[in-house]
Amino acid sequence: MLSFLYDNERRALMSIGYACLTVGVPNTSQKSCMLKNASEENLSKIIEWNLNSLENIIDYNIKNDIKLFRISSDLIPFGSSTANALPWWDIYRNDFLRLSEKIKNSGMRISMHPGQYTVLNSPSEEVVSRAIEDLNYHAKVLDSLCKGAQHKIILHIGGIYKDKEQAIDRFIKNYERLDSRVKRRLVVENDDRSYNISDVLEIGGILNIPVIFDDLHHQINPPYSKRDEVYWIGECRKTWKEEDGKQKIHYSQQNPNKRIGSHSESIRINEFMDFFNRLDTKVLDIMLEVKDKNLSALKCINCTSGAKNIKVLEEEWSRYKYSILESSPANYLAIRKLLINKKEYPAIAFYNLVELALDEKIIPGNSINAAQHVWGYFKDVATEREKAVFLKSIDEFREGKTSITTIKNKLFKMAITYNREYLINSYYFVL
DNA sequence: CACCGTCAAGTCGCA
DNA sequence: TGCGACTTGACGGTG
């Protein structure tokens, strides 16, 4: 079947992924601690917890065919600080080995991205040496998980300090101080205030390292030269060598209710498809930066990987269902109707309706209706006491004495207790 | 158990 | 020169 070939071919070309955390995936939370609590005992507990969460994330990615993922810099608390003297790569060697097998066998591409506080071009030697230590830490995590140089560390250039030329020179000079294990993975990215894509291409060109194009940063902080994103993505492509793997870009959308640069709650699919269709090649990986994480990754994957079986959308529907019922009973019915014909694959239409529904203002009566539907999964097994508690909380919600979140949390606990997998995977508890 | 101030990192604008 | 704002998600103390 042609669509099958197309599907596989397209998938081999492009991976779409998400960063650091998941939404609605059980047992994937991260822990951290404050400096004053960074005892060896406490740190060990947290690292163990975080590695277990990471394994669950990787399992989830494999199960859902998500082949691009950014690991949180907080995986090891104070990983680049003397506050954490644990040889964690050694202590948890077996865990890292198991994880690296899973990553390798699934063909997943991993990355890491030190935040805005890792500044290689600072005039302060203290700050620079901490940045170098931090990059060493990131390389150590990646080396423990994946061998190839296609698994990248993404870094911003840093500050300006009232003299951009000198600041760039300092970046270039300090780059040379980096360990080869960092250098082979290091790529640089444009930011939303100081270094635009033209600046970063210049720096990447001098250092002969790949450049990541970040679309939202580019919209906020474009170079003087007026060229469109497709042009700049093409320029960045030239910086990616064979051993670096596929070109990688960052994509996010503005949150209309927050300050410039804030990431949107979800990827608006029409806007994304417009961008996707304008790309002059599909041979690149797209890292999404968005609040709803894996949810948007699945959305974009399902809308760009050619025709799939409608089962994919039915699975998504099973997870979105009760959120949609809560926010928009009308769209709930519209989506059911859309998915009746099992020979079609109306992915974009489906996500359009989901977005429309979730944008609606929630009416308390609809919240109660959805909660009662979810309660239906327990009505045969719940104890009298559980039933009384539920009915009472619905009454309290009606009177404004409790929040729907509290009710949802109780329902989620019951989903765990009675092992209702269908509900445990539902976005109802997180959207 | 829900809520909200605090933490951790470095830069930059403004007194 | 020094202080507050900025960012992000989890902690940790309060009610």
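In what follows, every chain begins at residue 1, and chains take the letters A, B, ... in the order their sequences are listed.
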Asks: Taking protein heavy atoms under 4.0 Å as touching, what does nucleotides 9-14 of chain C look like 5' to 3' if B marks base contact, S marks sugar-phosphate-only contact and - marks none?
Replies: SSSS--

Asks: Starting at CG of A/Leu431, measure out to OH of A/Tyr320 and round the result to the nearest 0.5 Å.
Replies: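 It comes to 6.5 Å.
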
Asks: Using whole Å, report how far CG of A/Leu120 lies from P of B/dA9.
Replies: 18 Å

Asks: Please confirm whether the ring centroid of A/His217 lies under 6.0 Å from the ring centroid of A/His156.
Replies: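 For A/His217 and A/His156, the ring centres are under 6.0 Å apart.
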
Asks: Roughly, in whole Å, what's the span from CG in A/Asp191 to C1' in B/dT11?
Replies: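 Answer to the nearest Å: 12 Å.
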
Asks: Got a sec: does the CZ of A/Arg193 have more than 12 other heavy atoms crowding it under 6.0 Å?
Replies: no

Asks: Applying salt bridge (Lys or Arg N to Asp or Glu O under 4.0 Å), name anything that partners A/Asp179, two or more places apart in sequence or on another chain.
Replies: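 With sequence neighbours excluded, A/Asp179 shows a salt bridge (Lys or Arg N to Asp or Glu O under 4.0 Å) to A/Arg181, given in chain and number order.
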
Asks: What's the separation between atom CH2 in A/Trp240 and atom CD1 in A/Ile209, rounded to the nearest 0.5 Å?
Replies: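 Going from the CH2 atom of A/Trp240 to the CD1 atom of A/Ile209 covers 10.0 Å.
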
Asks: In whole Å, what is the span from the CZ atom of A/Phe171 to the P atom of B/dT11?
Replies: 14 Å

Asks: Within the pair A/Thr406 and B/dA2, is there a side-chain N or O less than 4.0 Å away from OP1 or OP2?
Replies: yes

Asks: Would the A/Tyr137 and A/Trp89 ring centres measure less than 6.0 Å apart?
Replies: no

Asks: For the pair A/Arg109 (side chain) and A/Lys67 (backbone), establish whether a donor and an acceptor sit closer than 3.5 Å, ignoring hydrogens and angles.
Replies: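 No, A/Arg109 side chain to A/Lys67 backbone: no donor-acceptor pair under 3.5 Å.
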
Asks: Find the distance A/Tyr117:OH to C/dA5:P and express it as a whole number of Å.
Replies: 13 Å

Asks: Would you call A/Lys140 and A/Asp143 a salt bridge, using N to O less than 4.0 angstrom?
Replies: no

Asks: Would you kindly compare A/Thr405 and A/Ser124 by the position of their nearest DNA chain B nucleotide and give the one closer to the 5′ end?
Replies: A/Thr405

Asks: Would you indicate what A/Lys413 reaches in the nucleic acid, counting non-hydrogen atoms under 4.0 angstrom: base, sugar-phosphate, or nothing?
Replies: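 Sugar-phosphate, backbone atoms only, no base.
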
Asks: Just to verify, which of A/Ile394, A/Leu325, A/Ile362, A/Ile407 counts as forming a side chain to side chain contact (heavy atoms under 4.5 Å, CB included) with A/Ser367?
Replies: A/Ile362

Asks: Could I get a table of every N or O pair under 3.5 Å where one atom is in the protein and the other is in nucleotides 12-15 of chain B?
Replies:
unit_1	atom_1	unit_2	atom_2	d
B/dC12	OP1	A/Ile160	N	2.9

Asks: Check the phosphate of B/dA2 against A/Asn409, side-chain N and O only, distance under 4.0 Å to OP1 or OP2. Yes or no?
Replies: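 Yes.
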
Asks: Hey, does the side chain of A/Ser122 come within less than 4.0 Å of B/dT11's phosphate (OP1/OP2), counting only N and O?
Replies: yes

Asks: Listed in order of residue number, which residues of residues 126-142 of chain A have a non-hydrogen atom at under 4.0 Å from DNA chain B?
Replies: A/Val127, A/Arg130

Asks: Can you pull out every salt bridge (charged side-chain N to carboxylate O under 4.0 Å, His left out) where at least one residue sits in residues 396-419 of chain A? Sequence neighbours excluded, please.
Replies: A/Glu326-A/Lys408, A/Lys392-A/Glu396, A/Asp395-A/Arg398, A/Glu399-A/Lys401

Asks: Just how far, in rounded Å, is P of B/dA8 from CD1 of A/Ile46?
Replies: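 Between P of B/dA8 and CD1 of A/Ile46: 13 Å.
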
Asks: Just checking A/Phe213 against A/Trp232, ring centres under 6.0 Å apart?
Replies: no

Asks: Starting at NE2 of A/His156 and ending at P of B/dA9, how long is that distance when rounded to a whole Å?
Replies: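 Spelled out: NE2 on A/His156 to P on B/dA9 is 19 Å.
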
Asks: Specify the separation, in whole Å, of atom NE2 of A/His113 and atom P of B/dA9.
Replies: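 Rounded to the whole Å, the gap is 19 Å.
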
Asks: Applying ring pair (Phe, Tyr, Trp, His ring centres under 6.0 Å), can you list everything that pairs with A/Phe272, at least two apart in sequence or on another chain?
Replies: A/Tyr251

